[in-house]
J.: 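Below you will find the structure I want to go over with you.
Below, chain A is the first sequence line, B the second, and so on; all start at residue 1.
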2 protein chains.
Amino acid sequence: MVSTLADVAEAAGVHPGTASKALNPESRHLVAAETVKRVLEIATKMNYQPNSLARGLRTKRSYTVGFMVPDLINPLFPPIVRGVEAVLGPAGLSALIVNTDNDPKREMQLFDTLVNRRCDGFILATAFRNDPVVKEIVKRKIPAVLVNRLTETQLLPAVVGDEAIEVREAIDHLVKLGHRRIAHVAGPQNLSTGYIRLRAFKEVINAVGLAEADCPTVVSTGYNESAGMDAIAKLLARPGPRPTAILAANDQLAIGVIDGLKAAGLDCPRDISVIGFNDIPMMDRVHPTLTTFALPKHQMGVEAAEILRAWIEGDAAPEPKIVYLRCPLVIRESTGPAPTN
Amino acid sequence: MVSTLADVAEAAGVHPGTASKALNPESRHLVAAETVKRVLEIATKMNYQPNSLARGLRTKRSYTVGFMVPDLINPLFPPIVRGVEAVLGPAGLSALIVNTDNDPKREMQLFDTLVNRRCDGFILATAFRNDPVVKEIVKRKIPAVLVNRLTETQLLPAVVGDEAIEVREAIDHLVKLGHRRIAHVAGPQNLSTGYIRLRAFKEVINAVGLAEADCPTVVSTGYNESAGMDAIAKLLARPGPRPTAILAANDQLAIGVIDGLKAAGLDCPRDISVIGFNDIPMMDRVHPTLTTFALPKHQMGVEAAEILRAWIEGDAAPEPKIVYLRCPLVIRESTGPAPTN
DNA sequence: CTGAAAGCGCTAACAT
DNA sequence: ATGTTAGCGCTTTCAG
């Protein structure tokens, strides 16, 4: 049923070692063209498929990469996965995808199981700003690339959105619409995406000359709708005039914010404009449709996988450079002119 | 750095074979309790992790299952994946997920690569009613389970929604709202989900005594929004009174239908009610929110994985039974009373 | 250019 | 109860 290299070699009348060389593109040149042809023919005729476990045992490679994501149900990640697989597949690599649910303990456990499987490398969409798994990977010198999230000190190559610029563009957009009281619903501060956007927000608010007191920030407990609702409730409970625009740290928070506004009898965008981040699927269909930054998710996966592939196939570790991807602002219904009263 | 079984055995002063038996729960009873304890202690102290490639080469297992999905970006699938992994992980199995894009050629290629990796079994969310990969799997006697889609002749165990009942409930719901002209936007007929729902639709229309002429059907080219738009355009172009309700074969088609209605100057639900299938994420947030059937996606994954796990760990192939999962109708804004004029 | 031989790390039959 | 041995299927030195 399943033919082995030895079967092929025997049928071709050569030694298994020779057959191996003939079959392997890199070593093919060591074998007579004639012999290569014969072996190749017989191999295809016998439908020979190398046993990748045997090969991996010998070569100390598994032709497998571990891909850790927080949660595949978050629509941000599947497009990244597709981008990664578009590169990995043709390179003969398969991804082992695991979901960490942003739980550091679970993350470390899953990392261990992936290490047992001798993954040739890792792609991490799960990095905390201070991430034990990343440190462990670096210590063990395993090839790995970060996507979407950075660590505080840049230990590994990474591909992320250009968040500082996005925050700037978001605030410019709102200011142009007449907004002067802009609040920020920040993401968790142990994630770079939460931290960097908050920092950029404060900087830009100062840079464009808005009053800090008019531009409050609140840190949410997670990147989900209910955290967004909680955050907007807090914001609305503050004394003084309420903000006329909210920059949420991602789309799920933005949706939660809009829910919260509705619950408080406010309308988006009439009373308060809302901006999100990432442009996950369906944001053009929710009500109101959401103004947000279109993270090039597929490309992000492609570029990260490309860096990893080169690292695995080459020998030298690359510089831990950060690739910043530009994300166009997609203006939809959720942002409008500041209320005039 | 990475310690092997031989290292552990040496440190424990026993033979590798003995260490193997001590470490393996099934063979542990062959070793003196004393020795087991010592080996275990040393193994944990040395942070020993068995090389699964070596083990797999020996045992002819990869502790890996191939999971073929049409497209992870379709929000129907990630929750199923999570359900599958919830069972597989604790059983020491990892899933290799591939996206086929409903392309039979790609499907067969990817299947080949997964076979090379010596997957212990397969979960297929990709089955066509007549599916060469399924036939190949059966021929090779590889453990495998279908999810969400069936093949025409039931060759493998499967876990699916109870579609016939759902169609019945959908039409009951619409009839109760006063609808008498109900159309069906069917899915592709080479998929069980398209075929079964269409057949059930026709049967139920007759059973409840609606006029066939008033209840037209149109088969769409794919399970996506633009196919839904095309389908509704065709339906509206027909002569005679237009339907007052549409049963779409899934949520994406339903959304496309609603888009098409909008484009034609019609309002959902005022002029035409729409029902979808599956209740993918965000259907409670699109406009109008969609009435649909809540497929228990996570549970579907769990049950399929459970069947597969038992098959892989046991020895006998199970009966190719179908597990039908009940899907509650979630009534939202997209269905309302039939227009009275 | 091809053959021979060793060995990756593990398990399982067999021997002690 | 433990040790011995062989071998899963492949790649890769090293000889010839």
J.: Of all the nucleotides listed (dT11(D), dG3(C), dC8(D)), which has the minimum atom distance to the side chain of Leu57(B)?
T.: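 Looking only at side-chain atoms, Leu57(B) lies closest to dC8(D).
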
J.: Consider the side chain of Arg58(A), meaning its heavy atoms from C-beta on, and name the nucleotide among dG3(C), dG9(D), dT5(D) that approaches it most closely.
T.: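 Nearest to the side chain of Arg58(A) among the choices is dG9(D).
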
J.: Do the side-chain N or O atoms of Tyr48(A) get closer than 4.0 angstrom to the phosphate oxygens (OP1, OP2) of dC10(D)?
T.: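 So the side-chain polar atoms of Tyr48(A) do come within 4.0 Å of the phosphate oxygens OP1 or OP2 of dC10(D), strictly under.
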
J.: At 4.0 Å (heavy atoms only), tell me whether Thr59(A) reaches a base, stays on the sugar-phosphate, or touches nothing.
T.: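 Sugar-phosphate: the residue Thr59(A), judged by heavy atoms under 4.0 Å, touches backbone atoms but no base.
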
J.: dC10(C) P sits how many Å from Tyr63(B) OH, rounded?
T.: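 Taking OH of Tyr63(B) and P of dC10(C), I get 12 Å after rounding.
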
J.: Is any NZ, NE, NH1 or NH2 atom of the basic residue among Glu34(A) and Arg38(A) found under 4.0 Å from an Asp or Glu carboxylate oxygen of the other?
T.: no

J.: Answer with yes or no whether the side chains of Asn99(B) and Glu85(A) bring together a donor and an acceptor at under 3.5 Å.
T.: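 Side-chain D/A pair, Glu85(A) to Asn99(B): present.
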
J.: Could you state the NE2-P distance from His15(B) to dT16(C), rounded to the nearest angstrom?
T.: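 Distance check: His15(B) NE2 to dT16(C) P gives 14 Å.
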
J.: Counting heavy atoms from C-beta on, name the nucleotide in dC10(C), dT2(D), dT2(C) closest to the side chain of Thr35(A).
T.: dT2(C)

J.: I need the CZ-C1' distance between Arg28(A) and dT12(D), as an integer number of Å.
T.: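 Interatomic distance, CZ of Arg28(A) to C1' of dT12(D): 17 Å.
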
J.: From the list dT11(C), dG3(C), dC10(C), which nucleotide is the closest neighbour of the side chain of Thr18(A)?
T.: dG3(C)

J.: At under 4.0 Å between heavy atoms, what does Leu53(B) touch on the DNA or RNA strands: base, sugar-phosphate, or nothing?
T.: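 Since no nucleic acid heavy atom lies under 4.0 Å of Leu53(B), the category is nothing.
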
J.: Looking at Asp120(A) and Lys60(A), does any basic side-chain N land under 4.0 Å from a carboxylate oxygen?
T.: no

J.: Roughly how many Å is it from CG in Leu5(B) to C1' in dC8(C), rounded to a whole number?
T.: 13 Å

J.: Taking any heavy-atom pair under 4.0 Å as a contact, classify Lys21(B): base, sugar-phosphate, or nothing.
T.: base

J.: So, Thr4(A) and Tyr48(A): side-chain donor and acceptor under 3.5 Å apart, yes or no?
T.: no

J.: Nearest to the side chain of Ala32(A) - dT2(C), dC8(C), dA4(C)?
T.: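 Out of dT2(C), dC8(C), dA4(C), the nucleotide with an atom closest to Ala32(A)'s side chain is dT2(C).
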
J.: Separation of His29(A) atom NE2 from dT12(D) atom P, in whole Å?
T.: 12 Å

J.: Does the side chain of Ser94(A) come under 3.5 Å of the side chain of Arg117(B) through a donor N or O and an acceptor N or O?
T.: yes

J.: With respect to Thr151(B), which candidate in Leu146(B), Leu124(B), Asn130(B), Val133(B) satisfies the side-chain contact (heavy atoms from CB on, under 4.5 Å) definition?
T.: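 Exactly one pass, corresponding to Leu146(B).
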
J.: Side chain of Arg55(B), heavy atoms from C-beta onward: which of dT2(D), dG9(C), dT11(C) has the nearest atom to it?
T.: dT11(C)

J.: Check whether any side-chain N or O of Lys60(B) sits under 4.0 Å from OP1 or OP2 of dG9(D), and answer yes or no.
T.: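 Yes, such a contact exists.
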
J.: To the nearest Å, give me how far apart CG (Leu23(B)) and C1' (dA1(D)) are.
T.: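 Taking CG of Leu23(B) and C1' of dA1(D), I get 17 Å after rounding.
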
J.: dG3(C) P sits how many Å from Glu10(A) CD, rounded?
T.: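 It is 13 Å, rounded to the nearest whole Å.
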
J.: Using a cut-off of 4.0 Å on non-hydrogen atoms, how would the nucleic acid contact of Thr4(B) be classed: base, sugar-phosphate, or nothing?
T.: sugar-phosphate

J.: Rounded to whole angstroms, how far apart are CG on Asn51(A) and P on dG9(C)?
T.: 17 Å

J.: For Leu30(B) and Gln49(A), find the nucleotide of DNA chain D closest to each by heavy atoms; which residue's nucleotide sits nearer the 5' end?
T.: Leu30(B)

